[in-house]
Amino acid sequence: MIFRRITQYFLMLLLAVFLVLFLVLPVFTVVEEGCQWGLIAEIFRSQVYCEGLLNSLAISLVTTGIVAVISLVLALVYDRYDFAGKEYCSMLMLLPMILPPFVGAIGFQQILGYYGVVNTILVNCGLDRIDFLGGEGKFWSVCIIEALHLYPVFYLNLITALGNIDPALSDAAANLGATPLQRFFRIKLPLLKSGFLAGGSIVMVWSFTELGTPLMFGFNRVTPVQVFNGLTELENNPLPYALVVVMLVISALIYIVMRKLLSTPAGTAAVKGSMGSRAVRLTGGKRFLPTLLFAGAALLTVLPHLALAGTAFSLKWYDSVLPQVFTLEHFDNALSNPLVLPSIVNSLRYSVLAMVIAVACGTLAALMSARWKLKGAWLIDLMSMLPLAIPGLVIAFGFLGMTSHYAWARAMFNPVENPLWLLATAYAVRRIPYVVRAVMAGLEQTPEELEFAARNFGAGPVRTLTKITFPLIGANLLVGGLFAFSFSMLEVSDSLILAQKSIFFPITKALLELSQILGSGPASASAFGVWAMAFLAVTLASAGILMGRKIGAIFKF
């Protein structure tokens, strides 16, 4: 017993060291380098940098507003009614996540371009063309595509929050004469604050620090792109570090303000009672109306992906609604490009290693909190969830700073000679929260008495884990691993910042390079993106089947 406890605390110590070295230290490195009052003052004296911060904050607010409206309507309909095809709607809501928004931006340019789909429709209706991708149009295009990508995170959190509301509360209010609108605003909406906080915080921080989408649209007057463009002169100009520090502080303030506004007073939370949900069963033609709503939302969100596929398969798509000539030439060009096949191999290597690290660390963190009940395990759980609150751009910049400041980090993580461990570790740290929440969900659903019974029959702790616990939470381990692997394959911030030599480029860095080639570059990048889209679609579909509605717990912190 004593030996087992010592072993458990030793494992907790190892995990704590890992998180300190590869999560806390990178953030500390950025803060140490960039927290110089002279540099920060220079940022706020510069009209360009102030404009970038304001634009980034505006993108964050607008994107979150769009996401909140879409998600709330869909979540309320899903929770309130039983309708045709309801069991497939959670799968539909995962569709926007099958491709990073910066890749979908290639397809979106075909939809909103000056001679794209929307402008073609406007001209056919006798209206003038609109420059959606120039001037202020870039801002709205970035907001829309980010909102279409991020609303599943908000939606899944709202669905989970709705599932925790006792329907008896609404019934009691109705018996007292409250109208449906009064019941919504006085009962349901206040009890949804936890869902708004969990989903809204992630969406706001994510969209505030998103690098890929504005970079792909050429919207340079935003802070993430300004940080990225400053990498070339980082040795002589530490100003990008200061910009990252400012981003980190604003991201923290966003979460603090949202928590203050959306916190639920003690004693007001409601847990769903034994009566369960009372979804209204629709009959006749009405049962297809919610289905059409979800299908319409899904169609809208996959338009960039459909446009991406159309660009990949079309030889001519100019001033028309649909592609005019189809070809497989772009796939041949993509595969023959010297960047493509090596980038696939590189991403596989980085992502497999990241998955192993993330699953090992995430499983340990979940066991410490849910099973071993170690003193201090709450701190490990908190640290393991921090990557959801810390922008990926900050972590990526922190790893880059570590390789410059510490000899041991430069020896282990040389970004120029071989960034395998650098990228794999950076990917893994970002994905640990998904594994922790997936495994935690499995442990909470697994009766601990089964493990006690195994120990009573003489099974040791290792045998109990391998023969009882892990088989029972196998689906959750698989889901956590799938998320860690698939999102690592298409990680943006770490890939764009940490991969410096073309022979080490992962998929997303190769996509960016392809898209910037004049002529056939965007079409070749689209063909490459179609392969990535298909891969991630299969992964997310598998995760959705395994976890169902509980998949929303993965996106909580």
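Counting begins at 1 with the first residue of the sequence.
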What residues, two or more places apart in sequence or in another chain, satisfy side chain to side chain contact (heavy atoms under 4.5 Å, CB included) together with [X]?
X: S56; value: F208, V222, T223, P224
X: S343; value: I507, A510, F528
X: I70; value: I66, L74, Y151
X: A312; value: F331, S526, A527, V530

With sequence neighbours excluded, what pairs up with R430 under the salt bridge (Lys or Arg N to Asp or Glu O under 4.0 Å) test? E491, D494
Those residues that, when tested against F294, pass ring-ring contact (aromatic ring centres under 6.0 Å, His included) (two or more places apart):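 Scan of F294 (ring-ring contact (aromatic ring centres under 6.0 Å, His included), adjacent residues dropped) gives F83.
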With F413 via ring-ring contact (aromatic ring centres under 6.0 Å, His included) - residues at least two apart: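 In terms of ring-ring contact (aromatic ring centres under 6.0 Å, His included), with neighbours along the sequence ignored, F413 is linked to F22.
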Do L150 and F154 have side chains that approach each other closer than 4.5 Å (heavy atoms only, starting at C-beta)?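 A side-chain contact under 4.5 Å is absent here.
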Partners passing side-chain hydrogen bond (donor to acceptor under 3.5 Å, both in side chains) against S495 (at least two apart in sequence or in another chain):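 side-chain hydrogen bond (donor to acceptor under 3.5 Å, both in side chains) list for S495, sorted by chain: Y427, T508.
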For E33, check side-chain hydrogen bond (donor to acceptor under 3.5 Å, both in side chains) against everything at least two apart and list the hits. H405
Could you list all the salt bridge (Lys or Arg N to Asp or Glu O under 4.0 Å) pairs where at least one residue sits in [range], not counting sequence neighbours?
range: residues 378-398; answer: D381-R437
range: residues 241-253; answer: none
range: residues 218-231; answer: E51-R221

